[in-house]
2 protein chains.
Amino acid sequence: MATTLPSPADAEAPTPAFSPLYQQIKGLILQSLQAGEWRPGEAIPSEMELAARFRVSQGTVRKAIDELAADNLVVRRQGKGTFVATHAERQVQYRFLKLMPDTGDQATEGPAERRVLDCRRMRSTAEVARALALRSGDAVVQVRRTLAFGGTPTILEELWLPGNAFKGITAEQMAGYHGPTYAMFELEFGVRMVRAEEKIRAVAADAAAAGLLQVPAGSPLLSVERVAFTYNDVPMELRRGLYRTDTHHYRNDLS
Amino acid sequence: MATTLPSPADAEAPTPAFSPLYQQIKGLILQSLQAGEWRPGEAIPSEMELAARFRVSQGTVRKAIDELAADNLVVRRQGKGTFVATHAERQVQYRFLKLMPDTGDQATEGPAERRVLDCRRMRSTAEVARALALRSGDAVVQVRRTLAFGGTPTILEELWLPGNAFKGITAEQMAGYHGPTYAMFELEFGVRMVRAEEKIRAVAADAAAAGLLQVPAGSPLLSVERVAFTYNDVPMELRRGLYRTDTHHYRNDLS
DNA sequence: GAGTGGTCTAGACCACGCG
DNA sequence: GCGTGGTCTAGACCACTCA
């Protein structure tokens with residue numbers, strides 16, 4: 001049946017290489033997600049509906065959705081439906097933040113206290129442009145802020161965002177929103193971060209960082225450089241964080 | 001059919017809670033893996049054979065194996081079969097080592113040059129015992145070594161292994177084996193590491209570490225504390241590494 | 001009780017690897 | 001050409017949620 005499929009599905013397969021039907025369906029659902037057909041947190045159509053729309057069996061749709069769920073683009077809830085993933089959910093406060101208090105976890109610790117130091121538009125340097133797939137000199141927004149836990153400043157970070165997608169962002173918006181920053185990005189700018197890559201190093205605190213994080217100059221800090229991506233691997237944020245690791249640690253699970 | 005299954009499968013379900021058939025099958029295959037019915041790198045029986053053995057359909061076995069493959073316990077190869085995962089494979093040199101050269105990757109860099117500083121049996125401290133789920137004073141093996149890339153010492157690490165499982169391990173074994181240490185553990189001791197947890201911090205190099213890594217005392221280093229587990233979440237290694245991050249970085253992908 | 005995702009089956013056919 | 005895993009289907013039934 002895969003080769004004799006009518007129009008909708010295999011119209012999407014420009015590669016002669018062979019792509020399973022469920023992959024094509026996955027691609028189509030992905031396009032709808034990208035296009036904003038369903039908003040973050042909303043339910044997507046049921047498996048039966050999608051099967052009817054694409055003229056395939058429920059099992060094929062199921063396998064497509066299975067992969068989307070494995071990629072964290074979508075969340076299944078038995079008896080209720082399948083929902084577009086969002087950063088604005090109770091579950092884990094900060095999905096991409098792997099810094100944990102040495103005792104307890106993110107949940108026991110409560111939300112971070114944010115302090116925005118700076119938020120301004122500027123022209124991107126060559127380095128920032130490369131990370132964000134822009135041209136040097138394109139408009140970017142730079143944000144600098146600290147995050148504190150229980151009164152102790154723990155993270156100092158600098159964000160760069162493409163000026164185009166984040167027109168009109170303000171320090172008040174960055175500071176005022178209650179909840180993850182990425183949830184604010186979804187709500188206010190329609191930008192959904194889906195995946196990220198981090199490069200981690202140990203560095204010595206310079207005078208400025210030391211002051212803001214209330215540690216002696218030269219103290220070892222964790223440097224975390226993150227590039228976050230929306231759909232289709234489009235980079236939408238460069239973030240450089242300095243973490244204190246005297247009361248917290250970066251946790252990672254390998255398998 | 002799930003409720004009327006004959007002996008083999010639901011003899012394994014002590015929980016009345018409801019466990020899908022394929023989960024029970026997964027558990028049974030896992031037991032065989034654990035028991036060493038098939039050695040690392042070997043093929044396990046085909047889906048049809050397993051389906052016949054367990055008296056379920058091929059689809060159910062498939063779903064069980066899908067999960068084992070997702071957990072990296074097993075590797076599927078179309079047209080050939082399904083194989084027990086091993087650390088002794090070309091693919092990625094060091095599966096659990098996330099340290100990458102700033103330019104290029106593990107493949108371009110070639111294998112690490114190992115130097116074993118120390119390998120001795122001792123009684124475990126309370127801290128080591130806790131991590132390895134032993135009692136304080138139980139026998140453990142401590143290994144200290146450095147890894148260098150292109151002549152530059154980059155990693156200084158200390159390993160603790162349960163003395164029981166690693167009887168008779170020698171410095172020569174640690175140094176002499178060509179390939180990942182975890183592959184040597186599989187071959188020589190039948191211990192297969194399946195999963196690990198890491199806690200990462202930034203620390204200042206003490207005099208000893210600075211000397212061995214050829215950096216000034218007080219230099220920032222990445223401290224990586226790893227607990228590695230075999231099947232059933234049994235901890236089998238505690239490892240504390242210090243990484244230079246002037247030419248390398250710890251890479252992590254989030255989703 | 002209706003609707004959703006989750007499980008299980010049986011059978012057909014496809015892509016791949018290897019002799 | 002055979003055996004392996006991979007895809008696709010259709011239909012039955014189960015577990016969960018909510019009105």
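None of the values given here were measured: they were computed from a predicted structure.
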Chemist: Taking atom CG of Asp71(B) as the centre, report whether more than 12 heavy atoms of other residues, nucleotides or ligands fall under 6.0 Å from it.
Modeler: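 For Asp71(B), atom CG is crowded (more than 12 foreign heavy atoms under 6.0 Å).
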
Chemist: Expressed as a whole number of angstroms, how long is the span from Leu50(B):CG to dT4(D):C1'?
Modeler: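 The answer, rounded to whole Å, is 13 Å.
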
Chemist: Atom CZ of Phe54(A) and atom C1' of dT9(D): how far apart are they, to the nearest Å?
Modeler: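 After rounding, the gap between these two atoms is 18 Å.
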
Chemist: Take atom CD1 of Ile25(B) and atom P of dT7(C), then tell me their distance rounded to the nearest Å.
Modeler: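 From Ile25(B) CD1 to dT7(C) P: 14 Å.
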
Chemist: Return no unless some side-chain N or O of Thr82(B) is found under 4.0 Å from OP1 or OP2 of dT4(D).
Modeler: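 So the side chain of Thr82(B) is outside the cut-off, no N or O lying under 4.0 Å from OP1 or OP2 of dT4(D).
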
Chemist: Ring-plane angle category for Tyr243(A) and Tyr250(A), please: parallel below 30°, perpendicular beyond 60°, tilted otherwise.
Modeler: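 It falls in the parallel class, under 30°.
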
Chemist: Kindly say if Arg76(A) contacts the phosphate of dG6(C), meaning a side-chain N or O under 4.0 Å from OP1 or OP2.
Modeler: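 For Arg76(A), the contact criterion (side-chain N or O under 4.0 Å from OP1 or OP2 of dG6(C)) is met.
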
Chemist: Does dC18(D) have OP1 or OP2 under 4.0 Å away from a side-chain N or O of Lys80(A)?
Modeler: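 Answer yes for this pair, as a side-chain N or O of Lys80(A) is under 4.0 Å from OP1 or OP2.
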
Chemist: What are the residues of residues 57-66 of chain B, sorted by number, that bring a heavy atom to within less than 4.0 Å of DNA chain C?
Modeler: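 Those residues are Ser57(B), Thr60(B), Lys63(B).
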
Chemist: Measure from CD on Gln24(A) to P on dC8(D) and round the result to the nearest Å.
Modeler: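 Going from Gln24(A) (CD) to dC8(D) (P), I get 8 Å.
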
Chemist: Tell me the salt bridge (charged side-chain N to carboxylate O under 4.0 Å, His left out) pairs involving residues 172-192 of chain B, sequence neighbours left out?
Modeler: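 Not a single pair qualifies under salt bridge (charged side-chain N to carboxylate O under 4.0 Å, His left out).
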
Chemist: Return each pair, listed once, that meets salt bridge (charged side-chain N to carboxylate O under 4.0 Å, His left out) where at least one residue sits in residues 29-44 of chain B; pairs must be two or more places apart or across chains.
Modeler: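 For residues 29-44 of chain B, and leaving out neighbouring residues, the salt bridge (charged side-chain N to carboxylate O under 4.0 Å, His left out) pairs sorted by first residue read Glu37(B)-Arg53(B).
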
Chemist: Between Gln78(A) and Gln23(A), who's closer to the 5' end of DNA chain D by nearest nucleotide?
Modeler: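 Its nearest nucleotide lies further toward 5', so the answer is Gln23(A).
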
Chemist: Of Glu237(B), Arg95(B), His87(B), which meets side chain to side chain donor-acceptor pair (under 3.5 Å) against Tyr182(B)?
Modeler: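 Answer to the side chain to side chain donor-acceptor pair (under 3.5 Å) test with Tyr182(B) among Glu237(B), Arg95(B), His87(B): Glu237(B).
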
Chemist: Leu21(A) has a side chain; which of dT9(C), dC8(C), dT9(D) sits nearest to it?
Modeler: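 The answer is dT9(D), which lies nearest to the side chain.
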
Chemist: Which residues satisfy the side chain to side chain donor-acceptor pair (under 3.5 Å) test with Arg145(B), sequence neighbours excluded?
Modeler: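 Expected list: Glu157(B), Thr181(B).
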
Chemist: Only counting residues at least two apart or in another chain, list the ones meeting side-chain contact (heavy atoms from CB on, under 4.5 Å) with Asp105(B).
Modeler: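 Checked Asp105(B) against side-chain contact (heavy atoms from CB on, under 4.5 Å); matches are Ala107(B), Thr108(B).
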
Chemist: For Glu109(A) and His248(A), what are the C-alpha separation, side-chain angles and deciding distance, and is it a side-chain hydrogen bond (donor to acceptor under 3.5 Å, both in side chains)?
Modeler: CA-CA 11 Å; Glu109(A) 186 171 43; His248(A) 289 66; 2.6 Å; yes

Chemist: Would you mind reading off the distance between Tyr22(B) atom OH and dT7(C) atom P, rounded to a whole angstrom?
Modeler: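 Roughly 4 Å, once rounded to whole Å.
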
Chemist: Any residue in residues 39-49 of chain B with a heavy atom nearer than 4.0 angstrom to DNA chain D? Just list them by number, or reply none.
Modeler: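 DNA chain D contact set from residues 39-49 of chain B: Ser46(B), Glu47(B).
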
Chemist: Could you walk me through whether Leu50(B) and Ile44(B) pass the side-chain contact (heavy atoms from CB on, under 4.5 Å) check?
Modeler: CA-CA 9 Å; Leu50(B) 290 170; Ile44(B) 72 174; 4.2 Å; yes

